[in-house]
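For reference, the structure is listed below as structure tokens.
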Amino acid sequence: MRPLAALIGEIGDGALLAVPPDYSGVAMAATRALIRRGVRGLRLLAVPQSGLQTDLLIGAGCVAAVESAAVSLGDLGPAPRFTAAVLARRIAMTDSTCPAIHAALQATEKGVPFFPLRGLIGSDVLRFRPDWRVIDNPFAGGDPIVLLPAIAPEVALFHAPFADRAGNVWIGRRRELVSMAHAADKTLVTVEEVVDGNLMDDQTLAAGVLPALYVAGVAQAPKGAWPLGLAGRYPPDRAHLARYAELAKSEAGFARYLAEHADAAQAAE
Amino acid sequence: MRPLAALIGEIGDGALLAVPPDYSGVAMAATRALIRRGVRGLRLLAVPQSGLQTDLLIGAGCVAAVESAAVSLGDLGPAPRFTAAVLARRIAMTDSTCPAIHAALQATEKGVPFFPLRGLIGSDVLRFRPDWRVIDNPFAGGDPIVLLPAIAPEVALFHAPFADRAGNVWIGRRRELVSMAHAADKTLVTVEEVVDGNLMDDQTLAAGVLPALYVAGVAQAPKGAWPLGLAGRYPPDRAHLARYAELAKSEAGFARYLAEHADAAQAAE
Amino acid sequence: MSEPGWSKAELLVAVLARMLDGLGHVAVGAASPIPGAAAFLAQARAARAMRVTVLGSESHNDFTDGGRELFDCAAQGRIDAFFLGGGQIDGQANLNLVGCGDYPDLTVRFPGSYGSAYLYFLIPRVILFREEHSARVLVPKVDFISAPGVSPPEVYRPGGPHALVTSKAVFAFERERGGFRLASVHPGIGVDEVTAQTGFAFERPAQVPTTPAPEAETLALIRGPVGAALAEVYPRFAATLRRHGEAS
Amino acid sequence: MSEPGWSKAELLVAVLARMLDGLGHVAVGAASPIPGAAAFLAQARAARAMRVTVLGSESHNDFTDGGRELFDCAAQGRIDAFFLGGGQIDGQANLNLVGCGDYPDLTVRFPGSYGSAYLYFLIPRVILFREEHSARVLVPKVDFISAPGVSPPEVYRPGGPHALVTSKAVFAFERERGGFRLASVHPGIGVDEVTAQTGFAFERPAQVPTTPAPEAETLALIRGPVGAALAEVYPRFAATLRRHGEAS
């Protein structure tokens with residue numbers, strides 16, 4: 001176990017940082033700590049989409065680039081700081097589509113330079129991705145198919161219900177976190193709690209474990225996904241999120257939100 | 001739930017049948033039932049290797065072809081009926097390597113016609129696989145890489161600890177069974193026991209579940225992996241396996257074993 | 001005009017559900033309450049078991065293989081129907097979920113393409129649903145193609161658009177021709193109004209039928225078991241349905 | 001000649017463990033008790049934590065992503081060393097795990113290539129271990145290449161053979177040259193015997209060292225904690241080690 005500040009110390013300026021969607025265990029306490037530290041130039045990879053976390057980091061000036069299938073606050077509407085930054089061309093936005101991000105991470109997981117994927121052909125998503133290729137299926141002919149280059153995040157960061165002291169992290173059904181960790185050079189995890197014993201000793205728990213082998217560091221952060229939810233633990237704080245959605249519509253409102261919730265004074269986290 | 005005989009009724013002569021390795025939940029009771037029924041011409045796909053099950057099916061004359069990374073009885077020595085059948089060219093043996101079988105199933109799981117894989121180049125495994133291709137990595141150049149065509153089993157058959165009445169099957173850490181089921185047209189499962197309630201309602205259990213969505217049929221078969229083991233339930237019956245390894249060295253011995261253990265008279269299974 | 005015994009939301013739920021009857025597995029996005037209700041309605045009256053997967057739900061989502069499973073499952077041919085929307089939809093059923101303007105120089109930014117650039121190709125029956133029926137949404141040509149409505153014959157495409165349902169009308173998509181045909185206008189909506197508010201050209205029959213109103217049994221299902229099933233996933237929408245049920 | 005205070009198995013465990021010292025993650029096959037013991041020995045005396053994964057074990061295997069995880073993990077560069085054997089091994093370190101004869105017309109059939117055709121390319125330090133040291137096993141040219149010892153420069157290959165250990169000797173593999181060099185002969189074994197029983201040509205130093213016997217601390221570890229760790233995975237072999245420990 002490490003203190004949160006030490007954990008996020010592994011995320012340097014300019015890092016290619018993979019993050020999960022709002023429903024999958026977002027390390028929000030760690031995100032606020034990153035903002036307080038003043039991280040700059042992050043290249044965010046949303047796996048495969050993102051919401052509050054990306055909007056907050058963009059608004060706080062921490063982000064140089066985003067690759068994602070979508071950024072939104074869900075039924076609370078658009079992600080305001082993301083939208084403003086993209087329209088002003090202040091961040092480099094790489095539009096993707098969910099399965100392409102999953103597949104590109106699986107390519108790194110498997111140690112291959114590319115993955116094939118159906119769909120995509122004829123879309124402008126493909127047209128604006130000079131890094132993607134269309135080849136003719138060598139097994140058929142007359143069958144165009146897209147090849148996606150592997151994406152290798154430097155860091156994957158997420159929040160999970162619990163871990164043991166050996167660094168095994170229980171992620172349950174949230175297996176997008178597994179591929180993300182397999183593909184990332186370093187995986188950093190915050191958890192609600194640290195449990196005694198070794199999670200691998202219980203076959204029922206083990207089925208939902210990301211093994212320590214892939215985990216570079218774990219920090220305890222109770223309610224670490226707040227104001228987002230953590231499945232099975234707590235729901236999203238909808239009142240708070242609605243207030244964020246409202247405040248973040250303006251730069252001044254966002255600054256006020258940031259001062260309240262991610263200020264350096266809030267060093268308790 | 002279905003009776004075992006009805007379950008294996010879904011496996012027709014000549015089926016491309018995917019089976020797991022000896023340590024991963026082999027449906028041995030179902031295998032004996034198939035032998036009793038007199039199935040013929042099976043094309044076995046070992047995921048990625050096999051032992052007793054394949055040897056037994058070959059010895060009983062049920063098999064036309066095998067694709068596998070290896071067939072062996074582990075530390076009890078070679079698989080005698082497999083070895084004899086291959087040397088006599090009585091079955092069509094397609095030699096593969098473990099990760100190639102996993103990758104070819106993942107290709108079907110992802111609905112793509114091929115998967116790239118590192119390694120292989122310069123091996124005779126590749127040289128004798130006219131169905132595999134080497135291309136130049138389109139993202140680099142001067143970087144040869146193998147493409148494997150997708151393998152789509154008609155049926156996947158395995159044994160698991162338990163299922164619920166909705167058809168959700170708990171497979172725990174044995175996730176090779178997940179890819180196998182995703183890739184197969186039909187997945188048939190035998191289980192030690194059927195439990196009340198829905199496995200998906202418990203997030204700890206759910207993490208180890210193959211959802212009913214992929215399961216075409218479940219039959220209860222207590223000790224259904226015997227004489228192989230089932231992790232967490234019972235170990236392999238080593239005395240029995242050693243006797244098999246000895247008897248199966250000759251056709252006569254194998255016939256004796258078969259009469260004792262997979263005879264039509266044994267209809268209790 | 002007297003109040004009908006049903007709401008616009010209930011009409012739309014009934015219309016969408018008819019397009020799902022008889023299917024084996026319908027998937028619905030997390031923020032899609034009306035399609036979600038339609039899927040539960042079709043499930044409630046299905047003769048054989050129908051599976052409904054609601055993305056982002058805990059209790060109506062059996063996926064255990066991570067975020068990729070929806071997409072893999074679709075590619076395996078195990079999902080029969082799905083819903084997509086779009087900030088812009090054009091007459092070739094091209095969808096734009098990215099933004100307006102000359103990409104990447106946008107004047108309006110939408111959230112992004114999500115899985116549309118993939119699922120639109122692979123799921124046999126994709127139903128386009130967008131309540132707003134205006135020339136702003138239904139455009140002659142989208143500014144950005146998140147997912148194309150039609151593909152050349154050499155492109156692997158077992159799936160594609162089936163219909164477009166809005167607050168005013170139902171359009172069937174004719175894949176051979178690659179265009180929409182007006183199938184019905186909702187009760188109280190005129191064909192002229194639909195034409196005026198639709199930015200793309202479409203075929204129409206000589207007589208345009210009126211979308212059938214939801215039957216009593218359908219309304220009972222919507223206000224009963226469907227609302228209950230919805231409550232976990234779309235609590236606010238479910239409450240709306242229940243309120244309407246109590247008032248009527 | 002007086003009995004040494006150690007068994008041949010203990011010598012081999014000690015030899016193999018020296019090749020693992022300082023590594024982060026060593027993986028061992030299910031049916032490899034001597035390599036398994038070597039991995040546990042290296043782990044027991046490691047200065048920084050060393051991970052040992054035993055395939056097919058329940059308690060020494062933390063993989064939770066199915067059978068593919070070993071291979072994916074190797075491809076990710078997260079496994080530093082692995083052991084391979086072979087029915088035939090030749091002077092270029094080509095491995096044959098398939099059979100003897102003119103494939104597919106074989107006269108002898110082995111089980112099959114397992115993961116060798118992949119792992120040999122990807123794991124930096126692959127140690128070849130085969131107890132039988134005979135011209136039948138160590139051949140000039142294998143009949144079937146399950147996995148080649150060397151690859152042309154354009155082939156992606158971060159891994160490959162490091163050494164060959166038999167019951168008689170240790171050979172280092174020289175990747176640049178693509179051949180073996182005799183590194184040491186085990187106590188009591190003559191260089192001539194090794195030469196006679198080796199079917200392939202190899203380099204040798206003017207003076208061939210004798211393989212160092214296991215030190216007392218090493219033997220204590222093998223007979224104590226290593227044997228205990230082995231017991232779950234290789235019960236019969238662990239019992240052998242413990243019996244020897246008690247007898248000595």
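Here is the naming used below: chain letters follow the sequence lines, and residue numbers restart at 1 for every chain.
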pair Gln106(B)-Arg68(D): side-chain heavy atoms closer than 4.5 Å
yes
Applying a criterion of heavy atom separation less than 4.5 Å, what residues of residues 97-105 of chain D form contacts with chain B?
Val98(D), Tyr103(D), Pro104(D), Asp105(D)
State whether Asp62(D) and Arg173(B) are salt-bridged, where the test is any N-O pair (Lys NZ or Arg NE/NH1/NH2 against Asp/Glu carboxylate O) under 4.0 Å.
no
Using non-hydrogen atoms and a 4.5 Å limit, figure out which bit of Ser179(B) sits close to chain D: side chain, backbone, both or neither.
side chain
So which part of Leu106(D) gets closer than 4.5 Å to some heavy atom of chain B, the side chain, the backbone, both or neither?
both
Tell me, for Val150(D) versus chain B, whether the close heavy atoms (under 4.5 Å) come from the side chain, the backbone, both or neither.
neither
Using a 4.5 Å cut-off on heavy atoms from C-beta on, say whether the side chain of Cys98(B) contacts that of Phe71(D).
yes
Can you find a pair of side-chain heavy atoms, one from Arg109(D) and one from Met93(B), that are under 4.5 Å apart?
yes
What closest approach, in Å, do Asp65(D) and Arg175(B) show between heavy atoms, and which atom pair accounts for it?
C-CB, 3.9 Å
What residue, out of Ala147(D), Ser146(D), Ser151(D), has the most heavy-atom pairs lying under 4.5 Å from chain B?
Ser146(D)
Rounded to the nearest 0.5 Å, the CG atom of Leu117(B) sits from the CZ atom of Phe121(D) at a distance of 10.0 Å
If you check every heavy atom in residues 122-132 of chain B against those of chain D, which residues fall under 4.5 Å?
Gly122(B), Ser123(B), Asp124(B), Val125(B), Phe128(B)
Count the heavy atoms of every other residue, nucleotide or ligand shown that sit under 6.0 Å from CZ of Arg177(D), and state whether that count exceeds 12.
yes
Find out whether Ser68(B) and Tyr114(D) are in side-chain contact, i.e. whether some heavy atom of one side chain is under 4.5 Å from a heavy atom of the other.
no
Looking only at heavy atoms, the pair that brings Ser96(B) and Ser113(D) closest together is O-CB, 4.0 Å
Return the CD to CD1 distance between Glu154(D) and Ile121(B), rounded to the nearest 0.5 Å.
8.5 Å
Looking only at heavy atoms, what is the nearest atom pair of Thr97(B) and Ser116(D), with distance?
OG1-N, 4.0 Å
Is it the backbone or the side chain of Arg89(B) that comes under 4.5 Å from a heavy atom of chain D, or both, or neither?
side chain
